[in-house]
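So the structure is just underneath, and the comments pick up after that.
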Amino acid sequence: MSVWVLGRAAPRFGACVHAVIRAVAGTAIAATLVAAATGLATAGETVVNLDGGIVATLNMPDHTAPVPAVLMLHGFGSSRDEVGGMYKRAATALAMKGIASLRVDFLGFGDSAGDSGDITVNSQLDQAKAALAFLNANNEVDSKRLGVLGFSLGGGVGTLLASDRPSEVKSLVTWSSVGDFEQDFRTVLGDKAFDRAKEDGIVGLDLGFRTIALKQAFFDSLSKRKIDDAIANFPGAYLTITGSKDFSAAYSERFVGLAKNAAKEVMMIPEGDHIFKVLEQDQSMAQSVIDKTADWFSKTL
C-alpha cells in the first residue's frame, strides 16, 4: 500500500513539533551520558514498564510516604521528557516539594512499543487511564492526591482523563493545550491531510524533521470528544498556562469560565509561544512555567 506524503505542517503548533523532536533527541542523549558516567539516573527516578508496552519514568521524592503524585502527558510527536526537557525539569521541581510524578511515552513514541501511526485520541486516553491506575496502585502514592499535567495534545487528553476520572484527579494543569481537537489539527495539518486520509485510509505527513503516517482512525477520533464539555464536568482545581502568541491563548478564558472549582486560573505569558521559548538561551519563561506548575500542585494536592 502506498502512502502519499503531503507538505510540511502549518507553523505555530506544527513548528513546535519540529522543535520538540530535535530537543527530545538531544535530551535523551544527554541523559544517557549522565547515567553512564554516574551509574544511575537522576536521584529518585526509575524507568518502569506499564502494561501494553508503555514505558514511563517514576520520580519519587525523598519524603515520607504516601506522597501526592502528578501524571505527565506529552504532546503530539514528543516523548516523556518533553521539549527542552521541560517535563524532566518539572519532575525535579515537583520532587523538591514532596510530590511524585510519572511521565509516560504514549505508544508509538519515545521508548514505548507500538506504531505512531496507530495514534488516536481515544487510544491515548486509554493509555493515560492505565498510567493513572498505576499510580493508584502504588503504595507510596496517596491515591486521594493525584494531579494531571498535559502539554499541547497531551493537555486535551489530560482534560478528558480528568473529566472521566473526577473522583481520582484532584488537580489539572495544561500547557499550551489544544482547545478543539479537530479544528486545531485542521489548522496544523491542513484540509488536504484530512481528505487524503479519508480517501486512502492513511496519509503520510512531512513534519520537517521526519515523516509520519496517520490512519483514518486518528482523524475520526478528533471529533468524538469536546474539551469544553470535559472541563465543565471536572470538579477539581484547574490551571491553564499559555503564551499570548500561541493558538491556545484563544481558549483560556472560556475554559476557566467553564471550570467549576473556585481554584481556577489562567497564566497568560506575554510574548510566549507554544513551547515557552524553551529552546532559547534565556530560560526564564520556561522556568516560570515549571515553577508555577510546581507551586500550583503543591497548593491543590
Side-chain angles (χ1 to χ4, degrees), residues 31 34-35 38 40-51 54-74 79-82 85-106 110-112 127-151 154-155 157-159 161-175 234-241 261-265 267 287-301:
V34 170
T38 63
L40 48 86
T42 303
E45 292 205 335
T46 306
V47 175
V48 295
N49 294 285
L50 282 59
D51 291 343
I54 299 172
V55 176
T57 299
L58 178 66
N59 186 310
M60 295 298 297
D62 186 16
H63 282 65
T64 303
V67 296
V70 173
L71 172 62
M72 300 180 177
L73 305 175
H74 68 74
S79 60
R80 66 186 187 272
D81 283 350
E82 261 301 349
M86 283 190 75
Y87 268 9
K88 186 177 181 65
R89 292 162 60 183
T92 299
L94 288 169
M96 291 177 66
K97 293 182 178 294
I99 302 172
S101 62
L102 181 72
R103 53 189 196 271
V104 302
D105 282 335
F106 283 120
D111 295 324
S112 289
Q127 294 162 47
K129 289 177 179 177
L132 189 67
F134 175 88
L135 285 175
N136 265 311
N138 190 320
N139 293 331
E140 296 184 332
V141 169
D142 186 345
S143 61
K144 295 182 179 180
R145 301 169 67 194
L146 297 179
V148 172
L149 170 61
F151 198 167
V157 174
T159 302
L161 174 64
S163 176
D164 288 359
R165 295 288 188 270
S167 63
E168 299 176 34
V169 179
K170 189 176 181 181
S171 184
L172 170 67
V173 177
T174 64
W175 296 353
F234 175 57
Y238 173 64
L239 168 67
T240 179
I241 303 178
N261 199 295
K264 57 183 180 179
E265 185 179 336
M267 181 182 180
Q287 192 59 47
S288 72
V289 172
I290 293 169
D291 291 344
K292 176 66 176 181
T293 300
D295 288 342
W296 180 267
F297 280 127
S298 181
K299 294 174 182 176
T300 59
L301 290 181

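The structure presented is a predicted model; accordingly, all values stated were derived computationally and were not measured. The basis for the numbers below is simple: all heavy atoms, side chains too, and nothing from hydrogens, waters or symmetry mates.
Shortest non-hydrogen contact noted between Val67 and Ala100 is CG2-CB, 3.9 Å. Heavy-atom minimum distance, Ala56 versus Leu50: CB-CD1, 4.0 Å. Here the shortest heavy-atom pairing between Ala91 and Arg103 reads CB-NH1, 3.5 Å. Taking all atoms of both residues into account, the shortest heavy-atom contact from Ala294 to Ala93 is CB-CB, 4.0 Å. Between Asn261 and Ala237, the closest heavy-atom pair is ND2-N, 3.6 Å. Looking at every heavy atom in both residues, Gly98 comes nearest to Pro68 through O-CD, 3.7 Å.
Sorted by first and then second residue, the pairs that involve residues 291-301 and meet side chain to side chain donor-acceptor pair (under 3.5 Å), not counting sequence neighbours, are Lys97-Asp295, Ser171-Trp296, Ser171-Thr300, Trp175-Thr293, Glu265-Lys292, Gln287-Asp291. Pairs passing the salt bridge (charged side-chain N to carboxylate O under 4.0 Å, His left out) check and including a residue from residues 55-64, sequence neighbours excluded, do not occur.
Under the side chain to side chain contact (heavy atoms under 4.5 Å, CB included) rule, Val148 has a single partner from Val70, Leu73, Thr174, which is Leu73. Residue Leu58 is tested with Val48, Val104, Val47 for a side chain to side chain contact (heavy atoms under 4.5 Å, CB included); the sole match is Val48.
One N or O on the side chain of His74 and one on the backbone of Phe106 form a donor-acceptor pair closer than 3.5 Å. Counting only distance, with no hydrogens or angles, the side chain of Asn59 and the backbone of Glu45 share no donor-acceptor pair below 3.5 Å.
Taking the side chain as every heavy atom from C-beta outward, Phe134 and Leu71 never approach each other to under 4.5 Å. Taking the side chain as every heavy atom from C-beta outward, Ser288 and Met267 approach each other to under 4.5 Å.
The line from CZ of Arg145 to CG of Leu135 is 13.5 Å long, rounded to the nearest 0.5 Å. Separating the CG atom in Leu102 from the CG atom in Leu149 is a distance of 12.0 Å, to the nearest 0.5 Å. Taken to the nearest 0.5 Å, the CD1 atom of Ile290 stands 11.0 Å off from the OH atom of Tyr87.
Looking at residues two or more places apart in sequence or on another chain, you find a side-chain contact (heavy atoms from CB on, under 4.5 Å) between Ala162 and Val169, Leu172, Phe234. When the ring pair (Phe, Tyr, Trp, His ring centres under 6.0 Å) test is applied to Phe297, no partner is found at least two apart in sequence or on another chain. With sequence neighbours left out, the side chain to side chain donor-acceptor pair (under 3.5 Å) criterion links Thr159 to no other residue. Residues meeting the side chain to side chain donor-acceptor pair (under 3.5 Å) test with Lys170, sequence neighbours left out: none. Take Thr57 and apply the side chain to side chain donor-acceptor pair (under 3.5 Å) test, not counting sequence neighbours, and it matches Arg80. Every residue meeting the salt bridge (Lys or Arg N to Asp or Glu O under 4.0 Å) condition with Arg165, not counting sequence neighbours, appears here in chain and number order: Glu168.
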May I have the step-by-step check of side-chain contact (heavy atoms from CB on, under 4.5 Å) for Glu82 and Arg89, ending in yes or no?
CA-CA 9 Å; Glu82 261 301 349; Arg89 292 162 60 183; over 6 Å; no

For Leu161 and Val157, what are the C-alpha separation, side-chain angles and deciding distance, and is it a side-chain contact (heavy atoms from CB on, under 4.5 Å)?
CA-CA 6 Å; Leu161 174 64; Val157 174; 5.6 Å; no

Report, one line per pair, each donor and acceptor closer than 3.5 Å where one atom sits in a side chain of residues 137-144; sequence neighbours left out.
residue	atom	partner	partner atom	Å
Asn138	OD1	Glu140	N	2.8
Asp142	OD1	Lys144	N	3.0

